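Here's the structure, in structure tokens; my notes come after.
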Amino acid sequence: MMKKLSVGLVLLVFGIYAKAQDSQIKQDSTRRIDEVHVNRMVKKKIETEMKMSVSVDEFLASSENISFIKRGAYAWEPLLNNMSSERTNLTIDGMHIFGACTDKMDPITSYVESNNLSAIDITSGQAGSMHGSTVSGSIDLKRKSTPFSLDPKWSGAYQTGFEWNNKQFFNMGNLSYSDDKFVADGSISFRKAGNYADGHNDEVKHSQYHKFNTSLGMAYKTSPLSALRVDAIFDMAKDVGFPALPMDLWLSRALITSASYKQMFEDGLVKVWDSKIYFNAVEHYMDDTTRPENLVHMDMPGWSTTYGLVSKINLKKEDYASEIQLNAYENVSIAEMRMYPQDRSNRTMFAYSWPWVTTRYVGLSMNNAWEISDKSQVNVGGALGLNYNHAKYVEFNWIFHPGTPQEKTRFLPSLHANYQLNFDSFNFSAGTGYGHRAPSVSEGYGYYIYNSFDRYDYIGNPDLKNEISYEMNASLGFKKEKVGIEVKANYFYIQNYIVGRILSMGSPMNYQSVGVKGYTSLDHATLFNFSIGGHYDILQNLQWKGLLTYARGQDDRGGNLPFIRPLSYQTSVHFTHHKIGFQTSLNGDFTQNNYSPEYGEDKTSSYKIWNVSADYRFNIKNCKAVVQVGAENLWNEYYSTYADWGNIPRMGRNIFTSLKVGF
């Protein structure tokens with residue numbers, strides 16, 4: 001059945017393309033055809049007003065609907081709409097990449113750098129199903145791609161800086177070349193940071209990291225309306241400490257490659273056909289050799305390999321626009337546990353925490369938009385996916401689930417609809433969604449995965465049902481020349497919500513564990529997110545922004561779900577005068593009263609963080625330069641948040657400076 005569906009979807013896309021070929025292409029024309037993007041919100045410039053040298057994690061944290069679980073200073077786990085990464089599509093240019101760490105210490109956001117990205121596409125709820133099944137939405141990281149130019153052109157940038165708290169030093173460089181036939185983009189970056197100090201000026205041990213990242217992309221125009229492009233990213237992190245975990249990262253490496261072909265059309269319904277094949281390999285080696293206090297040592301290496309295809313077409317005719325996308329990939333995830341005493345040669349235990357799990361997915365997605373009038377638009381879309389799992393060493397699952405099948409096939413449908421209305425200075429939207437998601441590799445096949453947050457070993461269940469999400473969302477905005485305000489809200493009712501519950505059988509394998517939990521499904525869970533944001537131009541060169549967010553998550557018994565952000569706020573003022581800029585901001589969370597002891601949470605206190613920065617822009621011959629200096633957590637507040645694993649304290653006062661030169 002898997003092969004039949006795969007062939008059928010490929011033939012469907014091929015058929016659409018064959019129909020498009022009936023439209024004659026004028027070879028002597030070079031008129032530019034714009035791509036059609038339906039119902040997308042893209043954040044541009046990988047920097048914030050407060051800090052131009054941000055990491056990808058810091059940039060995402062500035063979004064109103066993204067927060068992070070932090071287990072240290074590196075590789076934060078993104079939460080979209082207050083949901084864990086299992087419920088989110090995380091992709092790079094539509095490519096599926098899966099981490100190799102059972103502790104989720106390598107989300108794909110950790111395998112890119114801010115200088116090889118151009119934008120980040122954040123889509124909420126089922127509108128994010130273009131890249132596959134999801135509940136919370138999708139985060140698609142867009143790589144830099146220099147356009148072709150009529151004349152040969154070079155461009156580039158270099159950025160360096162230093163942060164005093166953790167002695168972080170970084171260097172980042174970009175170089176691009178373009179002409180009418182060929183484009184090349186290259187980037188390189190290096191970051192090295194030591195242990196940071198908290199608000200009590202105490203060193204937070206095991207919070208250091210080293211990171212190297214480089215990328216290369218080349219494109220060749222095969223005709224006036226078509227181009228071939230190849231891309232590659234290599235990322236390596238070494239000596240990464242995780243103070244919230246009982247072990248650290250010795251080495252992590254990722255190779256991400258792709259080759260794509262884009263064809264544009266002047267006439268007819270089809271405007272663009274863009275197809276890509278890709279391959280990525282990730283390896284991740286956790287161990288606790290830097291923790292001599294551990295009586296028994298453990299290595300936890302993991303490997304993840306993915307092959308995939310993404311093929312999409314954009315349609316446009318009068319008031320109708322559509323995007324159709326085929327996704328197909330195969331992933332193999334392997335993770336091991338190796339226990340031994342102080343002498344590594346005397347290994348006492350070996351097990352597969354991911355028992356060679358193969359996942360094959362193929363899905364067809366569509367998003368359609370109709371402009372009903374010059375003031376209103378309707379968006380309707382959906383997806384149908386087929387997810388197949390196979391565990392090579394199924395005997396690990398049979399220990400807790402005797403006789404469970406070695407293979408599992410799931411159908412994953414989704415639908416979503418949205419109505420948008422703009423009149424005078426107001427805008428309004430309302431939408432709904434329905435979708436399925438399959439359990440992750442850990443939820444379905446994990447074997448004794450230690451969770452240091454609640455100190456339980458977790459066991460997967462291959463027979464878990466699909467999570468089924470029912471969603472409603474709405475927004476209302478008002479915008480004038482100097483002032484704007486927007487209110488957003490969404491509500492999720494999720495059937496078969498997957499959580500861990502204590503098992504009556506089995507004993508913990510990790511000596512630090514207090515018991516064993518198995519993944520199981522609640523009857524349902526609910527999640528509500530609300531935000532109100534605004535801006536006001538006090539003067540022509542003085543602007544204010546503010547944001548207030550609230551979330552509430554409950555299980556089927558009215559208990560609190562874990563990692564739900566309490567009432568939080570952000571407010572900032574930005575001032576510019578000629579070449580000088582000044583920014584100050586205040587942000588914080590209120591006390592987290594709706595915490596969940598059942599899932600290992602405790603009460604966290606309120607906090608407030610004041611940040612300031614100033615920048616100066618100038619020219620060096622033909623180069624544009626910016627120098628910036630600032631301070632984060634200026635009051636040196638000691639705090640940890642609801643999402644800090646094990647209540648590890650956040651960084652105290654941090655003075656930073658950076659210089660960027662571009663041409």
Side-chain angles (χ1 to χ4, degrees), residues 68-77 84-85 99-107 110 166 193-196 198 202-210 237-252 283-302 335-344 346-354 442 446-460 500 502-503 506-517 562-563 597 599-602 640-641 643-650:
F68 284 91
I69 294 176
K70 295 188 178 183
R71 301 169 178 89
Y74 181 82
W76 307 339
E77 179 189 352
S84 60
S85 55
C101 178
T102 56
D103 288 329
K104 299 193 286 187
M105 289 318 309
D106 64 336
S110 67
N166 60 350
N195 293 333
Y196 68 82
D198 60 27
D202 294 326
E203 181 184 15
V204 178
K205 294 182 178 180
H206 309 294
S207 59
Q208 79 289 340
Y209 62 89
H210 298 177
K238 299 179 67 176
D239 186 27
V240 179
F242 294 111
L245 302 179
M247 58 176 54
D248 301 308
L249 173 67
W250 165 62
L251 174 67
S252 175
E283 52 183 347
H284 198 270
Y285 302 94
M286 298 283 286
D287 66 46
D288 60 359
T289 54
T290 58
R291 309 291 181 96
E293 66 274 11
N294 289 356
L295 301 177
V296 178
H297 286 296
M298 178 184 288
D299 290 344
M300 294 186 66
E336 299 176 354
M337 290 187 295
R338 307 166 182 170
M339 281 188 181
Y340 51 89
Q342 297 293 332
D343 183 1
R344 187 186 290 264
N346 296 326
R347 191 172 72 186
T348 58
M349 187 279 291
F350 173 86
Y352 284 109
S353 47
W354 284 343
S442 291
Y447 181 74
Y448 277 100
I449 296 176
Y450 177 60
N451 184 325
S452 59
F453 190 79
D454 60 7
R455 297 178 61 195
Y456 278 84
D457 289 332
Y458 277 67
I459 305 295
I502 297 174
L503 291 176
S507 58
M509 185 176 296
N510 191 313
Y511 78 95
Q512 295 175 320
S513 299
V514 297
V516 180
K517 284 186 176 182
F563 299 114
Y599 300 105
E601 286 190 311
D602 55 16
S640 63
T641 78
D644 289 319
W645 205 259
N647 295 325
I648 57 168
R650 292 281 181 99

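Quick caveat: nothing in here was measured; it's all calculated off a predicted structure.
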Between S452 and W645, is any side-chain donor less than 3.5 angstrom from a side-chain acceptor?
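Yes, because at least one side-chain N or O of S452 sits under 3.5 Å from a partner of the opposite role on W645.
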Is it the case that the side chains of S513 and D457 hold a donor-acceptor pair, with the cut-off being a distance below 3.5 Å and no angle test?
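Yes - a donor-acceptor pair under 3.5 Å links their side chains.
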Would you confirm whether [X], through its side chain, and [Y], through its main-chain N or O, come within 3.5 Å as a donor-acceptor pair?
X	Y	value
Q208	D239	yes
S207	Y196	yes
D106	G99	no
D198	R650	no
D299	D287	no

Inter-residue atom distance [X].[atom1] - [Y].[atom2], 0.5 Å rounding:
X	Y	atom1	atom2	answer
Y450	M298	OH	CE	9.5 Å
E336	T102	CD	OG1	11.5 Å
S353	I459	OG	CD1	10.0 Å
R291	M247	CZ	CE	9.0 Å
F563	D644	CZ	CG	9.5 Å
K205	N195	NZ	CG	9.0 Å

Identify, with sequence neighbours excluded, every residue that meets side chain to side chain contact (heavy atoms under 4.5 Å, CB included) alongside S85.
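S85 satisfies side chain to side chain contact (heavy atoms under 4.5 Å, CB included) with E77, L90, K104 once adjacent residues are dropped.
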Taking all atoms of both residues into account, what is the closest heavy-atom pair of [X] and [Y], and its distance?
X	Y	value
Y458	Y456	CD1-O, 3.5 Å
F453	G646	CD1-N, 3.8 Å
M286	C101	CG-SG, 4.2 Å
Y285	L249	O-CD1, 3.3 Å
R338	F350	CG-CD1, 3.9 Å
L251	K238	CD1-CG, 3.6 Å

What residues form a salt bridge (charged side-chain N to carboxylate O under 4.0 Å, His left out) with K517, not counting sequence neighbours?
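K517 satisfies salt bridge (charged side-chain N to carboxylate O under 4.0 Å, His left out) with D454 only.
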Do D288 and P246 come within less than 4.5 Å of each other through their side chains, counting heavy atoms only?
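Contact flag for D288/P246 side chains = no.
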Tell me whether the rings of Y74 and F242 are parallel (<30°), tilted (30 to 60°) or perpendicular (>60°).
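Aromatic pair Y74/F242 classed tilted.
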